[in-house]
Amino acid sequence: MIYFDNSATTKVHPEVLNTFVTVNEKFWANPASIHTFGHQTNELLQSAREQIAAILKTSSEKVYFTSGGTESNNLAIFGLAQKYKQRGKHVLISEIEHPSIIEAAKKMNELGFEVEWIPVDSEGIILLESVKKSIRNDTVLVSVMHVNNETGAIQPIEELSNIVRKKSRALIHMDAVQSFGKIPVNFMDLDVDSITISSHKIHGLKGSGLLALKKFIEIEPILYGGGQESGIRSGTTSVPLAVSTAKAMRLSMENLGSKAVKLQSLSDDLIEFLQSFSFIKVISPTKKAPHIISFSVKKMKGEVLINALQQQDVIVSTSSACSSRQTKTSHVLKAMHISDDYIKGVLRISLSTISTQQEVDQFKIVFKHVMNVIKGD
Ligand SMILES: Cc1ncc(COP(=O)(O)O)c(C=O)c1O
């Protein structure tokens with residue numbers, strides 16, 4: 001099987017799985033317990049937190065383990081806006097965010113915040129001019145993802161932060177689920193206030209991830225209970241998942257430069273191949289993360305292509321895993337004003353650092369065959 005759906009989820013790295021099993025076997029105490037076993041488990045948890053803080057260049061007290069990207073994004077949106085609401089109730093969110101931000105933002109509207117949407121250009125990149133116009137004294141929160149999960153478009157976060165910092169005291173949240181482990185992510189360079197990471201997108205385990213805040217930034221919890229994770233995320237912390245997340249993050253940072261070069265070369269090869277078909281339009285912009293390639297086959301339905309490819313053991317997705325089971329058109333493609341001829345036939349190839357040139361070569365053979373059968377030429 002050629003698995004090119006790594007933006008939906010990745011295969012667990014054997015070393016991460018090994019870490020998870022070992023920690024479950026040896027350190028299964030509750031890290032909040034005051035006996036020695038509890039202390040030992042807590043030490044392991046704190047060491048995972050410190051490793052992550054070192055990678056992201058923040059302090060360990062600002063790393064909160066969660067159930068993954070969705071929870072971290074919800075925590076950021078509700079928790080930051082609530083904590084700093086005395087600064088204002090205006091919130092700016094990009095139109096192409098993951099549903100875990102979009103739906104949270106819609107709820108914020110109901111809770112009395114005023115949500116304004118940041119539009120994108122035809123390449124799916126946020127319009128900074130629009131941010132300049134919309135940002136206000138009473139803007140409390142701005143949320144823009146680092147890499148879009150449907151197109152791979154890299155958003156101009158540094159430029160965005162510059163604009164926001166000049167005009168307001170708003171907090172900036174960045175969903176780094178599709179960027180971490182693919183391109184550099186850190187608080188200093190990007191000048192954001194919070195970052196979401198999900199483990200299963202970087203060969204870690206599903207149901208785990210984190211929200212990290214920049215030093216000195218505070219947040220209100222959205223879950224109440226025993227006060228774990230410094231009171232920000234109640235519920236017994238899963239030490240095996242936390243340690244596995246740290247492991248997955250460390251592994252994904254190893255040789256990041258050379259992995260990115262390899263991914264870029266696979267992506268370039270695929271794009272050149274796709275561009276050789278007159279009826280295919282590459283949707284991903286030039287400024288994109290190397291692992292995502294979005295394209296569309298004119299006047300075709302994405303689902304038909306997915307099924308035809310699957311019969312040949314090639315796994316890709318429609319624009320995103322979330323939208324692939326729904327019939328409604330992706331909000332990202334709509335925001336980019338993709339024309340009617342192309343909007344239904346969008347496919348996403350998403351690679352991982354374990355994808356190979358042989359797989360790409362095989363994909364090309366299968367894809368050509370499927371196109372011949374479907375298009376009859
Ligand atoms: C950009 C982005 N943010 C958030 C999420 C949600 O992450 P999780 O599946 O860990 O809840 C995803 C998952 O597809 C994503 O691609």
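Quick caveat: nothing in here was measured; it's all calculated off a predicted structure. Order of listing sets the numbers, starting from 1, for every ligand and every atom in it.
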Does S198 reach ligand 1 with a nitrogen or oxygen that is under 3.5 Å from one of the ligand's nitrogen or oxygen atoms? yes
Restricting to non-hydrogen atoms, name the atom on I374 and the atom on A308 that form the minimum distance, rounded to 0.1 Å. CD1-CB, 4.0 Å
Under 4.0 Å from ligand 1, counting heavy atoms only, is it the side chain of M145, its backbone, both or neither? side chain
I'd like to know if E97 contacts ligand 1, where contact means a heavy-atom distance under 4.0 Å to any ligand atom. no
The atoms of ligand 1 lying under 4.0 Å from a heavy atom of H200, numbered in the order shown, are 8 (P), 9 (O), 10 (O)
Mutual orientation of the aromatic rings belonging to F277 and F273 [parallel < 30°, tilted 30-60°, perpendicular > 60°]: perpendicular
Do G69 and ligand 1 have an N or O pair less than 3.5 Å apart? yes
Heavy atoms only, cut-off 4.0 Å: how does T70 contact ligand 1, side chain, backbone, both, or neither? both
Contact partition for K201 relative to ligand 1, non-hydrogen atoms under 4.0 Å: side chain
Note: with side-chain heavy atoms under 4.5 Å as the link, the other cluster members for F37 come out as W28
Numbering as shown, the atoms of ligand 1 that approach N73 to under 4.0 Å (heavy-atom distance): 3 (N), 4 (C)
Short side-chain to backbone donor-acceptor contact, D138 and K89, under 3.5 Å: no
For N255, which residues count as a side-chain hydrogen bond (donor to acceptor under 3.5 Å, both in side chains) partner, sequence neighbours excluded? none
Looking at Y3, I'd like to know if the NZ or CZ of K11 sits under 6.0 Å from its six-membered ring centre while staying within 45 degrees of the ring's axis. no
Using a strict threshold of under 4.0 Å (side-chain N to carboxylate O), is an ion pair present between E229 and R49? yes
The atoms of ligand 1 lying under 4.0 Å from a heavy atom of G68, numbered in the order shown, are 10 (O)
